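Encoded as structure tokens, the structure appears first; notes follow it.
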Amino acid sequence: MKIHKVGLRFAGVSSLVLLASSFANAADPATAKKDMTMSDMDHSSMDMSDMDHSKMDMSGMDMSDMDHSKMDMSGMGMSDMDHSKMDMSGMDMSDMDHSGMDMSDMDHSGMDMSGMDHGSMDMSGMQGGKAPADARSPDYSNGVPYGRYGQPMMMGDMPLWGVSVDDLGYQFDDDQINYEVSAWYGLDERRLSLRSEGSVQTKDEKDIDSLTSLSYWKPLSIFWNGEAGVAYDTKNDKPAIMAGIVGTMPYFIETDARAYLYTDGQVRLDLGAEYEWRLSQHWVVIPEVGLSAFSKDDTDNHITKGFNELETEVRLTYETLGRQLAPYVGVSYETALGSARDQRRQENESVDSSSLTAGVKFWF
């Protein structure tokens, strides 16, 4: 018969407990039953690591009134105990006080607690929940002054500005300077934009044809922005109300569409598109096309109803200074469309024209 050391130790302790209880019962059974608790028992020398709890049925035990606060289980070797087959489904432990129990070394990995009902557990005293109203100051300064630099701001909340010169070039055959300049000030979600485009003749009367607009700019979606404002056309010498959409089409085609309503009822529509074909980190080919159309005839300003003019240009640019400066050379071509061709022939004006161009584009 093989006797484990653990069994003997447990048997010895049990015998002592039984002996003490029998003597106490003999002296005063009622008092012994009343004063008998487990809080004064010393379990420090009990080694229960090899005990098999698989056949222990604790479903009928009522431990709701037991006070475990004085139980010292720090010396009990329960790390090797197998609790996986213990049936604790019928145990009522709602009133048990486990505050003094030290179970830091116990292995609960095999315990099945899927049938336990946690619905009546009160965890309101645990850390968490809503912070009190005076937990922090609204600006997170906690009353500390910001100093001479003032209150810090997020980058998206800071008003910024920018200037972009998309075209500043000379057309050799037409002896004119073309330009397209835009500037803006504001935030990412709203800006005030100033834009001007046109041409300046370098000989004869040196006429200036320009279309300048001041508009409110706002994103409409991820790839599209809206504009609305006022404009002035020096060629027609008339103010107008402007509205437009600017954005990026699939395949990264930069697109803009702007409509102008003049004071005399004339409506102008400008459509443009360009694409940046990057050959290397510095060399870029930029094809560009533009269309203009009008709602009615205006013989004084050489305007006919419908599409009037098509402008195309191909540039070869070289980007320098972190792509902020890009000189270019290119070829431009302009042609009249529809009734505008007949009108130009009657006035002995050229219908088509092409020219070499050279210039620069930059931004800051």
Side-chain angles (χ1 to χ4, degrees), residues 165-182 195-213 230-242 244 255-275 285-317 327-361:
V165 180
D166 294 329
D167 184 14
L168 182 59
Y170 182 74
Q171 285 187 338
F172 293 94
D173 294 349
D174 296 334
D175 291 325
Q176 69 180 23
I177 298 174
N178 296 332
Y179 71 91
E180 183 178 347
V181 183
S182 61
R195 181 176 179 274
S196 181
E197 62 176 332
S199 60
V200 180
Q201 296 292 332
T202 59
K203 65 176 183 179
D204 298 334
E205 298 179 358
K206 297 183 180 180
D207 294 333
I208 300 177
D209 294 334
S210 66
L211 180 60
T212 306
S213 63
V230 294
Y232 182 79
D233 192 344
T234 58
K235 185 174 182 179
N236 297 342
D237 193 20
K238 293 183 179 69
I241 298 175
M242 185 273 289
T255 308
D256 57 85
R258 295 181 175 90
Y260 303 86
L261 174 61
Y262 293 93
T263 53
D264 61 351
Q266 177 77 277
V267 178
R268 172 176 175 170
L269 177 64
D270 288 346
L271 303 174
E274 71 174 45
Y275 177 76
V285 175
I286 304 177
E288 184 179 358
V289 61
L291 276 170
S292 60
F294 294 86
S295 62
K296 62 181 181 178
D297 296 332
D298 186 358
T299 55
D300 295 338
N301 295 298
H302 310 285
I303 294 174
T304 61
K305 183 179 180 179
F307 286 100
N308 274 231
E309 195 172 35
L310 171 66
E311 300 177 358
T312 60
E313 186 175 5
V314 179
R315 308 174 192 169
L316 176 62
T317 66
Y328 68 85
V329 293
V331 178
S332 64
Y333 173 76
E334 298 179 6
T335 182
L337 301 175
S339 302
R341 296 179 67 89
D342 297 333
Q343 187 183 48
R344 290 188 180 184
R345 288 193 182 100
Q346 292 174 3
E347 296 176 357
N348 295 324
E349 295 181 0
S350 60
V351 176
D352 304 304
S353 65
S354 59
S355 176
L356 294 174
T357 62
V360 65
K361 59 179 297 185

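The model shown is predicted, which means the values in this text are computed figures rather than measured ones. In this chain, residues are counted from 1 in sequence order.
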Which heavy atom of Arg344 sits nearest a heavy atom of Val351, and at what distance? NH1-O, 3.9 Å
Would you tell me whether Ser355 and Ser332 have side-chain atoms, one donor and one acceptor, within less than 3.5 Å of each other? no
Can you give me the closest heavy-atom contact between Gly265 and Ser295, atom names plus distance? O-OG, 4.0 Å
Less than 4.5 Å apart, side chain to side chain, heavy atoms only: is that true for Arg341 and Thr335? yes
What pair of heavy atoms forms the shortest contact from Ile286 to Lys361, and how long is it? CD1-NZ, 3.9 Å
Distance (rounded to the nearest 0.5 Å) between Glu274 CD and Thr312 OG1: 13.5 Å
Should Asp175 and Thr202 count as side-chain neighbours, where that means a heavy-atom distance under 4.5 Å? yes
Looking only at non-hydrogen atoms, find the nearest pair between Val331 and Thr357 and report the distance. N-OG1, 4.0 Å
Test side chain to side chain contact (heavy atoms under 4.5 Å, CB included) on Tyr179 and Val165; report intermediate values, then the result. CA-CA 8 Å; Tyr179 71 91; Val165 180; over 6 Å; no
Does the side chain of Glu313 come within less than 4.5 Å of Gln171's, by heavy atoms? no
Could you check whether any side-chain heavy atom of Arg258 comes within less than 4.5 Å of a side-chain heavy atom of Arg195, counting everything from C-beta outward? yes
Side-chain heavy-atom pair Arg268, Ile303 within 4.5 angstrom cut-off: no
Can you tell me how far the OG1 atom of Thr263 sits from the CD1 atom of Ile241, to the nearest 0.5 Å? 9.5 Å
Check whether more than 12 heavy atoms from other residues, nucleotides or ligands sit under 6.0 Å from atom CG of Leu356, and answer yes or no. yes
Close side-chain approach of Asn308 to His302, heavy-atom, < 4.5 Å: no
Would you call Thr304 and Asp342 a side-chain contact if the rule is heavy atoms closer than 4.5 Å? no
What's the separation between atom CG in Asp298 and atom NZ in Lys305, rounded to the nearest 0.5 Å? 14.0 Å
Pair Asn178, Glu180: side-chain N/O donor-acceptor within cut-off below 3.5 Å: no
CZ (Phe307) with more than 12 external heavy atoms under 6.0 Å: no
Can you name the nearest heavy-atom pair linking Thr212 to Ser196, along with the distance? OG1-OG, 3.1 Å
Please name the pair of heavy atoms, one in Asp270 and one in Tyr260, separated by the smallest distance, quoted to 0.1 Å. OD2-CE1, 3.8 Å
Is there side-chain contact between Tyr328 and Asp167, with at least one heavy-atom pair below 4.5 Å? yes
Rounded to the nearest 0.5 Å, what separation is found between the CG atom of Asp174 and the OG atom of Ser199? 9.0 Å
Distance in Å, Ser182 OG paired with Asp166 CG, rounded so as to fall on 0.5 Å steps: 5.5 Å
Given Lys238, which of Asp233, Asp300, Asp264 fulfils the salt bridge (charged side-chain N to carboxylate O under 4.0 Å, His left out) condition? Asp264
Output the distance between atom CD (Gln343) and atom CD (Glu349), rounded to the nearest 0.5 Å. 8.0 Å
